[in-house]
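Because the structure is a prediction, the values reported are computed rather than measured.
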Amino acid sequence: MPHTASFAPWRCAAEWQRWAQPAGDIGQRMAAAMQHHFARAPHTPLLIAGTDCPVLTPSHLQQAADALQDHDAVLIPAEDGGYVLVGLRRSVPEVFTEVPWSTAQVLGRTRERLRGCGASWQELPSLWDVDEPADWLRWQAQREHGSHGTPWAAGNPRAVP
């Protein structure tokens, strides 16, 4: 992977690792990231977050990490039927297979996959991501009005056995 000026500050951070993304759909790429992570740090939980969710905050990440203390997985659903974050306490490869990616069925199918392999999970309140022009306009409107908060603050996480 070539180094570019935009990544220069990250080269100095010893705790950050990066590697080339494999070919395949988003599920195959997330599965590869999960396998890579747990091969190197089997007792360290993993959070995988989309980069298209501008309202995802450090607080959300902390709540997701906290959920992994008591659950095998954590999800932050997206309003469009997918999810903006998946966290895993252990390797659960089933969660990334047989999922119709980029559809409104992603979250439901992911729940089925988790249930099918006996994993416990917690879902945090939904956020929204930027997939369509209307989503971008929504983000711009929030930025213009100084509203960087999310509807999450009023939500309560729920555990799923």
Side-chain angles (χ1 to χ4, degrees), residues 1 6-22 25-96 99 101-102 106-111 113-114 117 119-131 135-136 138-143 145-161:
M1 178 184 319
S6 62
F7 288 104
W10 299 108
R11 284 198 305 254
C12 298
E15 68 274 6
W16 289 85
Q17 295 181 4
R18 52 200 160 112
W19 59 94
Q21 210 175 111
D25 65 26
I26 187 68
Q28 292 166 316
R29 294 190 309 265
M30 288 191 292
M34 178 199 63
Q35 291 167 351
H36 183 86
H37 171 78
F38 286 115
R40 285 154 183 74
H43 303 293
T44 303
L46 170 68
L47 297 178
I48 300 174
T51 59
D52 61 349
C53 182
V55 294
L56 185 68
T57 67
S59 176
H60 299 129
L61 298 177
Q62 185 62 59
Q63 289 183 22
D66 291 346
L68 292 175
Q69 298 295 315
D70 301 313
H71 301 281
D72 296 318
V74 61
L75 296 166
I76 299 179
E79 289 178 357
D80 63 9
Y83 52 80
V84 301
L85 179 143
V86 58
L88 300 167
R89 182 171 60 186
R90 62 178 175 85
S91 180
V92 186
E94 299 87 350
V95 78
F96 300 117
V99 175
W101 300 106
S102 301
V106 170
L107 182 61
R109 187 64 178 140
T110 300
R111 289 173 179 141
R113 303 296 292 157
L114 286 165
C117 69
S120 66
W121 76 96
Q122 182 172 348
E123 290 184 22
L124 302 178
S126 298
L127 297 175
W128 54 274
D129 54 11
V130 178
D131 293 327
D135 302 325
W136 175 253
R138 181 180 183 181
W139 170 236
Q140 293 304 307
Q142 277 195 356
R143 289 184 62 207
H145 294 94
S147 173
H148 297 287
T150 67
W152 183 332
N156 293 317
R158 62 174 197 234
V160 182

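Remark: the backbone N or O of D25 is paired with a side-chain donor or acceptor of Q28 at under 3.5 angstrom. Looking only at distances, a side-chain donor or acceptor of R113 sits under 3.5 Å from a matching main-chain atom of E94. No donor-acceptor pair closer than 3.5 Å links the side chain of H71 to the backbone N or O of L68.
Applying the side chain to side chain donor-acceptor pair (under 3.5 Å) rule to Q69 yields no partners; only residues at least two apart in sequence or on another chain are considered. Under the side-chain contact (heavy atoms from CB on, under 4.5 Å) criterion, S102 pairs with no residue at all, not counting sequence neighbours. Every residue two or more places apart in sequence or in another chain was checked for a side chain to side chain donor-acceptor pair (under 3.5 Å) with D70, and none qualifies. A32 meets the side-chain contact (heavy atoms from CB on, under 4.5 Å) test with P22; sequence neighbours excluded. Residues that satisfy the side-chain contact (heavy atoms from CB on, under 4.5 Å) test with A31, not counting sequence neighbours, are F96. R90 meets the salt bridge (Lys or Arg N to Asp or Glu O under 4.0 Å) test with D72; sequence neighbours excluded.
Between L75 and W121, the closest heavy-atom pair is CD1-CD1, 4.0 Å. The heavy-atom pair separating Y83 from T110 by the smallest distance is CE2-OG1, 3.4 Å. The heavy-atom pair separating A64 from L85 by the smallest distance is CB-CD2, 3.8 Å.
A distance of 9.0 Å separates CD of Q63 from CD of Q122, quoted to the nearest 0.5 Å. For the atom pair H36 NE2 and Q21 CD, the distance stands at 12.5 Å (nearest 0.5 Å). Of the inter-residue distances, the one linking H37 atom NE2 with M30 atom CE reads 15.0 Å to the nearest 0.5 angstrom. Interatomic distance, OG of S91 versus CD of Q35, reported as 6.5 Å (0.5 Å rounding).
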Stepwise side chain to side chain contact (heavy atoms under 4.5 Å, CB included) check, I76 with H60:
CA-CA 9 Å; I76 299 179; H60 299 129; 4.1 Å; yes

Side chain to side chain contact (heavy atoms under 4.5 Å, CB included) evaluation trace for R109 with W101
CA-CA 10 Å; R109 187 64 178 140; W101 300 106; over 6 Å; no

Apply side chain to side chain contact (heavy atoms under 4.5 Å, CB included) to the pair L127 and L56, showing each step before the final yes or no.
CA-CA 8 Å; L127 297 175; L56 185 68; 3.8 Å; yes

Under the side chain to side chain contact (heavy atoms under 4.5 Å, CB included) criterion, do V55 and Q142 qualify, and how do the steps go?
CA-CA 10 Å; V55 294; Q142 277 195 356; 3.5 Å; yes

Under 3.5 Å, which donor-acceptor pairs link side chains of residues 44-53 to any protein atom two or more places apart or in another chain?
none

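Using a 4.5 Å heavy-atom threshold, the side chains of V86 and V74 count as separate. Taking 4.5 Å as the limit, every side-chain heavy atom of V106 sits out of range of all side-chain heavy atoms of D80.
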